[in-house]
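Encoded as structure tokens, the structure appears first; notes follow it.
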Amino acid sequence: MPQGSHYIPLPTSADSPDDDTPSTPLLSPAPTPHGGLTVNPDATYSYSYGPPGLAGLWHNYYALLCAVFASLGGLSFGYDQGVIANVLVMQDFVRRWPVTPLQKGALTAVLGLGALFGALSSGVLADKYSRRHSIFFACVIFTIGALLQTFATALSHLFLGRAIGGIGVGALSMLSPLYIAEISPPEVRGSLIALEQFSIVLGVVVGFWIGFFTREVPGSLSWRLPLGVQIIPGILLAVGAIFLLPPSPRLLVLKGRYEEAEASLVKLRNRDDALTKIELLEMRVEATLITEGNGAKYGGVRGELAAWGRLLGRRYRKRTLVGVLMMVFQQWSGINALLYYGPTLVRSIGLQGETVGLLVSGGIGIVQFVAVGPAVVWIDRVGRKPLLRGGSAVMCAAHMLIAFLVQSFQADWPAHSGAAWVAVIGIYTFTFAYGVSFGPIGWVLPSEVFPLSVRGRGVALSTASNWVNNFLIGLITPVMMEFSAAGTFLTFATACFLAYLWATYSVPETAGVALEDMDRVFGGEVGREEGARRVQVEEELGLRAEIDRLVGTREA
């Protein structure tokens, strides 16, 4: 567990401790690098199925494979970001539809508006029905939108296709990390959810370079081909969501389908022993408390408003702020301004020529792609807070350096080409820092801080925050660049500085914490009030008696 974490796991127990005992010691005085259950003298405990980092990913290889497949949803998000800038300047596209600057901005933004609707609506579907089935329907909607764009014969078809595709993109952008969080063991949950960012960045890189290399293809194939490629991952994920991915055991427990939940969990962990029983019993305790806490339920619009209103109530307000502000700072760090308007920003620091601009802005995606690898390895070993603090500090410094160079040399860039390339290095430095911090953690924190009862809607609201701020960044960046390029970078530097303060004083450490134990991380008055009831539920289910018997058996 990362240093500085104040997390204390809730006490519970395991069923049938003497059966199917794992080969590694079940009880130990301190956490072991190979995993196992650790019971402390004060009856608190922690557990893991293996080590964090790369070794832990290999140890949990089936959950890794499921997370990789589910993260294909992020590919659709990133691919659009990477491909649209090239498509909008291709010769055949411009000759066929000479769009105005306003229409060009609207084509970029309409996907974000559709994604906002998709993110909010899919949270309801995910909680009411199924994570996997919601992913399937999101893929169908996304594929319909992609087909409309690929075979568009009028500009209106392209607008409609991007709006419909945006609904699918927005839904997948919250469903994929939500599903991954619920199937992941605690010691590698961050690494597995970070695969969502890996997939997004891979989509950015692939989308950009496919568009770059097809821009000289004669006729409409130059832009139809890159737009059509995105159909492939959509179909693959749709098929896999139904036939390959196991259901979320946590949602099954909430619905009272305990046998199915146990079968799914055993399959995901590739083992059936005391640890899987402990994890399943944690889910049952959480589900019991959720059922009691829901109280009276209302139907129709009143019930739906009450469900969303719980996110802003005293119990979950801190968690909602973490999820929403995580996405605010992720977007206002300036990353999507670089992706959407890379060539414009590159020209602002003195580099001329279409090819040079496209190559440099394409390099932004490559640097971000390279940075995600260390994030996957470090996020569970180092923790969320240190990466967020370090990343925001480096991003702030990089933006300030670029702003200084732009302000000092923009009047005569040809005479200061060295300064221009230093600014490019600053952009790449910022991108790398983002790639190991706010990029992946932006999908991790919202997916793990909410309890099961509101997780779907909580992740949906957080993702909606992403798309609202994504839209605002896309809308105002050209205006800001025209008014003051240096001021634009200073604005992003200020946002990164505020992000540093937020990460330092408001974000709890969640690495290695079971999803069912997030109450202890956030603490507060509500946690103390409900602590006694949780202990009572654990006793009613026989958890405390079992853990006491397990400890006594091992000590004997």
Side-chain angles (χ1 to χ4, degrees), residues 74-115 142-170 200-234 336-347 353-366 368 470-471 473-475 477-478:
L75 199 66
S76 60
F77 178 10
Y79 188 89
D80 178 83
Q81 287 183 313
V83 80
I84 192 63
N86 279 313
V87 167
L88 292 178
V89 297
M90 289 181 179
Q91 293 182 2
D92 182 83
F93 185 91
V94 173
R95 183 169 57 251
R96 189 182 299 261
W97 296 307
V99 294
T100 65
L102 179 60
Q103 289 174 322
K104 186 178 293 188
L107 274 172
T108 300
V110 71
L111 182 133
L113 293 178
F142 170 74
T143 303
I144 292 173
L147 287 169
L148 281 172
Q149 294 177 65
T150 303
F151 298 103
T153 57
L155 192 59
S156 59
H157 299 162
L158 205 63
F159 272 100
L160 181 61
R162 287 185 60 76
I164 294 175
I167 295 174
V169 167
I200 291 172
V201 177
L202 178 62
V204 170
V205 173
V206 172
F208 180 88
W209 290 104
I210 286 180
F212 182 81
F213 287 115
T214 63
R215 73 191 194 285
E216 302 297 338
V217 173
S220 65
L221 191 63
S222 61
W223 55 272
R224 293 190 192 276
L225 178 61
L227 289 177
V229 168
Q230 61 188 322
I231 297 172
I232 299 173
N336 280 339
L338 297 180
L339 294 175
Y340 285 138
Y341 300 103
T344 302
L345 290 169
V346 167
R347 283 195 295 272
E354 179 183 358
T355 301
V356 172
L358 289 174
L359 285 173
V360 173
S361 57
I364 294 171
I366 294 176
Q368 193 179 351
N470 189 311
F471 172 76
I473 287 292
L475 191 66
T477 296

Just verifying a value: how many Å separate [X] [atom1] and [Y] [atom2], rounded to the nearest 0.5 Å?
| X | Y | atom1 | atom2 | result |
| --- | --- | --- | --- | --- |
| Thr143 | Ile232 | OG1 | CD1 | 11.0 Å |
| Ile210 | Gln230 | CD1 | CD | 10.0 Å |
| Thr153 | Arg96 | OG1 | CZ | 9.0 Å |
| Leu111 | Phe159 | CG | CZ | 12.0 Å |
| Phe208 | Ile84 | CZ | CD1 | 13.0 Å |
| Arg162 | Asp80 | CZ | CG | 4.0 Å |

Shortest non-hydrogen contact between [X] and [Y], atoms and distance:
| X | Y | result |
| --- | --- | --- |
| Ser76 | Phe142 | CB-CZ, 3.4 Å |
| Thr150 | Gly228 | OG1-CA, 3.2 Å |
| Ala152 | His157 | CB-CB, 3.7 Å |
| Ala163 | Val110 | CB-CG2, 3.8 Å |
| Ser220 | Asp92 | CA-OD2, 3.2 Å |
| Val205 | Ile366 | CG2-N, 3.8 Å |

Side chains of [X] and [Y] in contact at under 4.5 Å (non-hydrogen atoms):
| X | Y | value |
| --- | --- | --- |
| Phe93 | Leu227 | no |
| Thr214 | Met90 | yes |
| Val83 | Val229 | no |
| Leu147 | Ile231 | yes |

